Amino acid sequence: MRYEKPQTVAEAARLLTGEKGLSRILAGGTDVLVQLKAGLVEPDLVVDIKALPGVRSIVAEAGGFRIGAAVSNAQLGEDKAVRALWPGVVEAANLIGSTQVQGRATMVGNLCNASPAADAVPALVAAGAVARVAGPGAARDVPVEKIPTGPGKTKLKRGEFITSIFLPARPPRSADAYLRFIPRTEMDIAVASAAVSLTLDEDGRIAAARVALGAVAPTVLLVEAAAKAILGSRLEDPALEALAAACSAAASPIDDKRGTVEFRKDVVGVLAKRAARIAYTRAGGQS
Amino acid sequence: MALDSHGKREFKQIGTRVARPDGIDKVTGRALYGADMSAPGMLVGRILRSPHAHARILRIDTSEAEAIPGVKAVVTGADFSIPDDAALADISVNVMARTKALYDGHAVAAVAATSAQAAKAALKAIKVEYEVLPHVTDVDAAMAPDAPVVQKGRSLESVPAGMGANVTHHCEFGHGDLEAGFARADKIVERSFKTAATHQGYIEPHACLATMNGDGRADLWCCTQGQYMVRTVCAGVLGIEASQLRVTASEIGGGFGGKTTVFIEPVALMLAKKSGKPVKIVMTRDEVFKATGPTVSTSIDVKIGMTKAGRITAGAATLRYSGGAFPNTTVDMGAQAAFAAYDLDAVRTVGWNILTNRPKESAYRAPGAPQAIYAVESVVDELCLALNLDPLDVRILNAARKGTKSSYGPTFDDIGLLATLEAAKAHPHYNTPLKPGQSRGVSCGFWFNFGGNTCVSLNINTDGTVGVTEGNPDIGGSRASISLMAAEELGVPYDKVRTIIADTASLGYNDVTDGSRVTFAVGLATIKAARDAIKKMCGRVAKIWGIDEDAVEWRDGAAHPAGPNAGKFPPMTLEEIAAISFETGGPIAGHYEVNADGAGVSFGVHLCDLEVDKETGQTTILRYTVFQDAGKAVHPDYVEGQMQGGAVQGIGWALNEEYIYGADGRLLNAGFLDYRIPVASDLPKIDTQILEIPNPGHPYGVRGVGETGIVPPLAAVSNAVSRAIDVRMHELPMSPPRVLKAIKAARG
């Protein structure tokens, strides 16, 4: 196994494109190193991207924020401006692992590991976040929900990697929230999860919404029917019930050691309702 | 050895919360655990494990592995002979499979190499040809006559003809006329329960370092609850004499019963023998879950009759336990413990052990009792609800007490159950009203406790300090407690005493650290060894004073003339006697050896307040209090720690912990991510109340406290959850999917 720490994006792309065997990208390493230790992958090449320009910084851009691929979730959690604009994204990223893991783990790593149960991803999808993909050709921007294609699989081509995630600007009276279900209180993986991002009009009615669900399908789901269920409402009970029903209907989970199909379909609706209420309150809504 | 006649003695040091002797080393990382020992030229040992739940081993080809550079030894079952003793033979086959792999993770070969990489490559290069066989992992399925047969011909004579081949053991306990008892009942409840296998979850994985010289002398450093047991078993499995194998116990990062047997030690010794080099084996967490012993999985039926006033008229239980692929008799303890808390005219328990394709059971804190008592206490709670009776009043009404003929035969002496129940009834916890959505669960618990073979040496150093040498690894604070007892008896300050744990060559045999025996039995032997040293010191002083030995008495750390007739002499302190010992006959030491009985049974009562999220099935523990009889709490911090630790392990068992098997019989959750022990943020502070009803069998009244604490939580939590959701729960763990399903089923 070779370990490389390129200083430029072009050099990283060249290394990754040139590798005939298996390659892995190392940022925080909280997934890759665990997989290496467990013998799940035996890469020929590991490319550490932490030395690439800009990957360790959070920069204000167009009213939003560009978050580098090697920004740790702990660093993200300490950024007051990001927290104020996208509280749901930050709370999702900060749920991953322990305090020690938070010091290493990154949102881009969480996205590229492509677990349907990734905590940061539903919140990023609900936020309409966009990933910047670098590679042998010109960089391109791809909506986050288009990156994972199934458990452990992404749309990224050979030699491609993500250098940053962009969280867009928001209108006033906007907020987001993320909730997951775990049997414990921490140090666990979502059995089901829901992220809700919404914008209120001046009357406190929901003018725009995005609802994303985790751990209930091979990839994180963006559920338009769930968003529609609460549009125009002040989250009155019928709207919340319609939201939950839309989420349960959209979910197509599996039975596994962490939960049953029935449990996940029920609980994902409950989480969506609760997350919607939190986001609504954060956006200034009076329920 | 009886409670001192001056049983009401005023202790000067017993009962104080002195600093623990191992604290600084542990918090600074200096303490040496199983994996911390190294030797020059040491090899890395690794074990290849079966990926199948049940398979015949047709052929193992190790030639490619042996050819890898750096690989110094490869062993398989063919390297080991099978000991005559059945228990030893089972351990031998468990540590290295012979003709069949009996569970997912069963060891089939091992390698020793100069690097971890070479060892890993060697494991991959070993070719094992399997014939996969049908498997069974569920206890009830395994009992069926047509179930896949795990091992043939293992049934004991106790098993009646006509039972399935996997049924290996049968037992019955009880007394009285059940039929007449049930006829007197106003209400009878009969229910069936299941509990999942759970792992002890110790944080330190098994680890050892083995060396064997050309002359056949071997040394073993390992993490264990009993170095003498390791010596006996390894010597037996390897066919060497006990004197040729010296075993040293490392510091231990948790055991809870799971380190009262061996898994890797004979393999490391065999690799060391074959390679001629020291070999270290450290298990991964995955190996710990797959190949070391969890507790039994169970299926239990309970039937109890009660009068309207709450008196139990009869109790019956049938217990089916499986301790995996090897025979065991843990169900005996469940069948004996099930109704131990109650004074009953009619009681009968029947136990069965059944083989399954699961890892060989190891002891886990009060082995067999939590499951049986969970089932009984659940039915008692259901009767209390049905008859509208207070659950503590009912338990007080039926409580076993001094003179009660216990459900398992013996008549109880002084026991603390009633006092414990009354303390719970009077406690602010029980008298705090519940808020809407909250519920409260109650359960009793019981454990036998144990004494056993014990040997202690106590040396009076010439500077007046004291060294105690004992032979039981310290898994719960025993060094502090033993030092305290030596200090109390000798009348010297605690910090003048240092207690160390000897290797097997340095002290006589000691049973493993189990059965909550150490503070009781080693404490007893320490007190007696101190008295032996005192007798010797008094003899030296008698010589100096020129009076009879009987005319010298020991008081407050010094020899005094026994009375006015003995003459007038200024007292001589231990320090003074020690300082001139070379002139009065040489070094002074006390010894004591005993096979201790009189351990004194232990009872506890737990109260649990919780709430259940009815939309997700998630349980949150809000308040928890443990009441337990310690006889005499030698070091209250450690006693409380035992009570809290037992409660937390029991809560984990009740809510989330379980061995989950796939349809292929493979373990799906061999790691702490999906085998969910509670984390600190899951629980409130566990409150404790120590009761002290002296044990008549110990000079200071000490009872073991290590195990009883894990017994009540299963039912305390289940009873509270059942009350919270208004549905009786019958299966552990009460994981959120299971609870939500029960809530939905009740809604219809």
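Below, chains carry the letters A, B, ... as their sequence lines are ordered, and counting in each starts from 1. All values derive from a computational prediction rather than experimental measurement.
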A side-chain contact here means heavy atoms from C-beta on lying under 4.5 Å apart; do [X] and [Y] qualify?
| X | Y | answer |
| --- | --- | --- |
| A:Asp266 | B:Lys744 | yes |
| B:Arg738 | A:Phe263 | no |
| A:Arg258 | B:Leu673 | yes |

Under 4.5 Å from any heavy atom of chain B - which part of A:Arg274:
side chain
Just wondering, more than 12 heavy atoms not from [X] lying within 6.0 Å of its [atom1]?
| X | atom1 | value |
| --- | --- | --- |
| A:Lys153 | NZ | no |
| B:Lys26 | NZ | yes |
| A:Asp44 | CG | yes |
| B:Lys741 | NZ | no |
| A:Glu224 | CD | no |

Counting heavy-atom pairs under 4.5 Å with chain B, which one of A:Met187, A:Arg264, A:Glu42, A:Lys37 comes out on top?
A:Glu42
Just so I understand: if I count every heavy-atom pair under 4.5 Å between each of A:Leu271, A:Val191, A:Thr260, A:Val267 and chain B, which residue has the most?
A:Val267
What part of B:Thr616 gets within 4.5 angstrom of chain A, counting heavy atoms only: side chain, backbone, both, or neither?
both
I need the minimum non-hydrogen distance between A:Lys257 and B:Leu668, along with the two atoms involved.
NZ-O, 2.9 Å
Under a 3.5 Å distance rule, please check whether [X] uses its side chain to pair with a backbone N or O of [Y] as donor and acceptor.
| X | Y | answer |
| --- | --- | --- |
| B:Asp682 | A:Thr185 | yes |
| A:Arg184 | B:Ile677 | yes |
| B:Gln618 | A:Pro183 | yes |

[X] side, atom [atom1]; [Y] side, atom [atom2] - distance, nearest 0.5 Å:
| X | Y | atom1 | atom2 | answer |
| --- | --- | --- | --- | --- |
| B:Arg676 | A:Ile182 | CZ | CD1 | 8.0 Å |
| B:Asp674 | A:Asp256 | CG | CG | 8.0 Å |
| B:Asp613 | A:Phe181 | CG | CZ | 7.5 Å |

Does anything in residues 99-107 of chain A reach chain B? List residues with heavy atoms under 4.5 Å apart, or say none.
none
